[in-house]
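Everything on this sheet refers to the single structure shown next.
As the structure is a prediction and not an experimental result, all values here were calculated from the model.
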Amino acid sequence: MAKKTPFDSGTKTVRLKWWKILWRVLVGRTIPQKLFRAYIVVIFLGSILLYLPISLQHGYTMVLDNDVNTRTYTYWDAFFIGVSAITNTGLTPAVISETLTTFGQVVMVVLMEFGGLGLMTIIYLIWNLFRFKNKESNLNQIIMLQSERGNAKIAGTFKSLKVSVSFILICQIVFMFLYSFWLCWMPVYQQIPATFDGNNISTISSLTTDGTEKIAAYGHYGTALWQGLFFTVSSINNAGFDNFNGGVSIAAFRNDWNVVFQVMVLCQIIIGGIGFPLIYDVIEKIRCKHKGIPYKLTLFGKVALISYIVVGLITAAAAFGFEYGYTGYQSVSVINNDSLSVSIQSVPIYDIAHYKEYASEFGKNVTFNKCWAIFFNSMATRSAGVGTINQSILAPGSQWLYIVTMFIGGSPSSTAGGIRTTTLAIIMITILAKIKGRKDVNIFHRKIPVETVRESFLVTLTAVMLVAISAIVIFYTLSNQGDSPEQYTVLQCVYEATSAFGTVGFSMGITSYINHFGQIVLCLIMFVGQLGVSSMLLSWTRKNPKGNRVYYPEEDIRIG
């Protein structure tokens, strides 16, 4: 018989049974612990489904990111793709359209929706929709929803989520049909590796150009509708996946009239990245204005909107500065037809547009298409992961710039990752307050709590250390696989790690060559970027922390 322990109140309790203790360990006791464990369970279920033969087109053979080479498809690959899908990252060692069947792609769509809209949010909204009793939500449920996709205030959390999720689902349906119409009736050509044709012949794998064969969805509305559904879920959730055939993401839609397609994608990226509370604020302001009722945006809405716009404009302006007039060089293997020898030569990247064979590389309006490509890419690196050009041909300054923007990410309570724009805003305003000699941090005539300021710096510093350590580990795993270490650079590894943390999905072509240990590191950093640094740290704390029980005399230490 279990020993009974009396409390001060005189009541008695019985020691918990083993299965109850096990249940608490598995499920967790705090809100962050429950969220963390729930996502882990879904990831394992999704990875198992992605590893089943029904999910694979060519058995356990995986097509790599260059559409040519293949290797064995392992459970770790399925696990990596599952984590990347539910964290809305987009990093993948495989070509989705060539490796996964329709069933496997359906699994990815479900995982992307769970990660973008929020796992607990979807479960709770479905439960609330089909429940038969008019039972009010308890406080624990509201707090869990708030911690996942809510704003700073508990009151109105359920209404805010219901309105914003409904709006996002409506947008997905609308854009699904828009994409399907475009894919079915607009002649878009599949991408092939660009070739340099002169005295020598070679293939430049990092560049693609239009082929002669139209995409698979052209003239087939069923295929176009499915690709439109997959891509609309991926775009609005800032996931970065696509199931188009070959090429670099949406490189086939990079020029001329296809800029309209990019504008649709950009609209979805912004909707998913600005945050659920801001969506609700904007909808409420429009509704109240229509009824003649005054309504002001919340402090979170103002800071999130301004910081999102400012970061986007600064990024675009800096990208133009780095890319304007830049001519990069791509090292390629060149086959000499006369001597049948192979040599390494540097081919100018942007000058390839001047060759007759590739006059359509940048479309008919070369200047406009180049400028738009820079602008679109600078916005997509915030968290979207869809692009029209390969990241490896960018100017080095642009690559470092995009590392910073990927690290920042989008707004809190959104489908984006990173430290979030509001965190950056609080840090910058705190620094400005220090320069002006002010002790308080004020935004729009409101004082920001000291705890929030301290947590902003803690989140940023922790994220910097996490990305740095992950990049070092990735570089180590790449340089110890028997290949020549000089083909991998630190910049590529930092780019990969930051892309994972920002849940962006951009890569400089090394994802397929990272071993299992490096993939585990990327999975961890993707998970942190999706749930947030604060939530991940709190998932390891106790339900009732001890706190400070002993107070010591205060003494200052000189810093900085």
Side-chain angles (χ1 to χ4, degrees), residues 32 146-147 149-154 273-278 281 296-318 381-383 400-414 416-469 494 498 501-504 525 528-538 541 545 547-548 554-560:
Q146 182 204 24
S147 63
R149 289 291 182 268
N151 52 24
K153 298 180 180 179
I154 296 179
I274 60 176
F276 288 23
L278 181 55
D281 268 359
K296 293 183 178 180
L297 294 178
T298 62
L299 179 62
F300 172 84
K302 293 177 181 178
V303 176
L305 180 61
I306 294 175
S307 59
Y308 190 92
I309 295 174
V310 170
V311 171
L313 293 178
I314 292 177
T315 303
T381 51
R382 299 287 300 282
S383 187
W400 285 109
L401 171 68
Y402 293 150
I403 286 175
V404 175
T405 57
M406 290 189 295
F407 182 80
I408 296 172
S411 301
S413 297
S414 70
I419 63 171
R420 312 303 199 273
T421 53
T422 53
T423 304
L424 176 67
I426 291 176
I427 290 176
M428 299 305 296
I429 294 174
T430 303
I431 295 174
L432 183 61
K434 181 66 176 179
I435 294 174
K436 293 182 177 181
R438 298 174 181 174
K439 293 184 177 180
D440 297 333
V441 179
N442 303 318
I443 305 177
F444 293 109
H445 306 291
R446 294 291 187 273
K447 179 182 176 181
I448 304 300
V450 176
E451 182 64 27
T452 302
V453 175
R454 184 172 64 180
E455 188 171 347
S456 299
F457 282 91
L458 175 64
V459 166
T460 304
L461 180 60
T462 304
V464 169
M465 294 189 296
L466 184 63
V467 170
I469 294 173
V494 175
T498 312
F501 175 74
T503 66
V504 180
I525 196 172
V528 174
Q530 169 70 4
L531 294 183
V533 176
S534 297
S535 297
M536 288 299 297
L537 292 177
L538 290 174
T541 60
N548 294 327
E554 183 178 289
E555 183 174 351
D556 197 9
I557 296 178
R558 184 177 180 84
I559 62 172

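Taking Ile427 as the reference, Thr423, Ile431, Ser456, Phe457, Thr460 meet the side chain to side chain contact (heavy atoms under 4.5 Å, CB included) condition, with sequence neighbours excluded. Residues satisfying the side-chain hydrogen bond (donor to acceptor under 3.5 Å, both in side chains) test with Arg454, not counting sequence neighbours, are Glu451. Residues satisfying the salt bridge (charged side-chain N to carboxylate O under 4.0 Å, His left out) test with Lys447, not counting sequence neighbours, are Asp440. Contacts of Phe407 classified as ring-ring contact (aromatic ring centres under 6.0 Å, His included), with partners at least two apart in sequence or in another chain: Phe501. The side chain to side chain contact (heavy atoms under 4.5 Å, CB included) test applied to Ala425 returns Val303, Ser307, not counting sequence neighbours. Applying the side chain to side chain contact (heavy atoms under 4.5 Å, CB included) criterion to Ile306, with sequence neighbours excluded, gives Val310, Phe444. Shown here are the side chain to side chain contact (heavy atoms under 4.5 Å, CB included) partners of Lys436, two or more places apart in sequence or in another chain: Leu432, Arg438.
Between the Thr503 side chain and the Gly417 main chain, a donor and an acceptor come within less than 3.5 Å of each other.
Residues Phe300 and Pro277 share a closest heavy-atom pair of CE2-CB, 3.5 Å. The shortest heavy-atom contact between Gly273 and Ala416 is CA-CB, 4.5 Å. Taking each heavy atom of Gly409 and Thr421 in turn, the nearest pair found is O-CG2, 3.7 Å.
To the nearest 0.5 Å, atoms CG (Leu466) and OG1 (Thr498) are separated by 10.0 Å. Rounding to the nearest 0.5 angstrom, the gap separating the CD1 atom in Ile419 from the CG atom in Leu461 is 11.0 Å. A distance of 8.5 Å separates CD of Gln530 from OG of Ser383, quoted to the nearest 0.5 Å. Atom CD1 in Ile429 sits 3.5 Å away from atom CD1 in Ile443 (nearest 0.5 Å). Put simply, CG on Asn442 and OG1 on Thr430 are 10.0 Å apart, with the number rounded to the nearest 0.5 Å. Distance check: Asp281 CG to Phe276 CZ gives 14.0 Å after rounding to the nearest 0.5 Å.
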Please step through side-chain contact (heavy atoms from CB on, under 4.5 Å) for the pair Leu305 and Ile274, ending with a clear verdict.
-> CA-CA 7 Å; Leu305 180 61; Ile274 60 176; 5.6 Å; no
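Contact check for Val504 versus Thr405: no side-chain heavy atoms found under the 4.5 Å cut-off.
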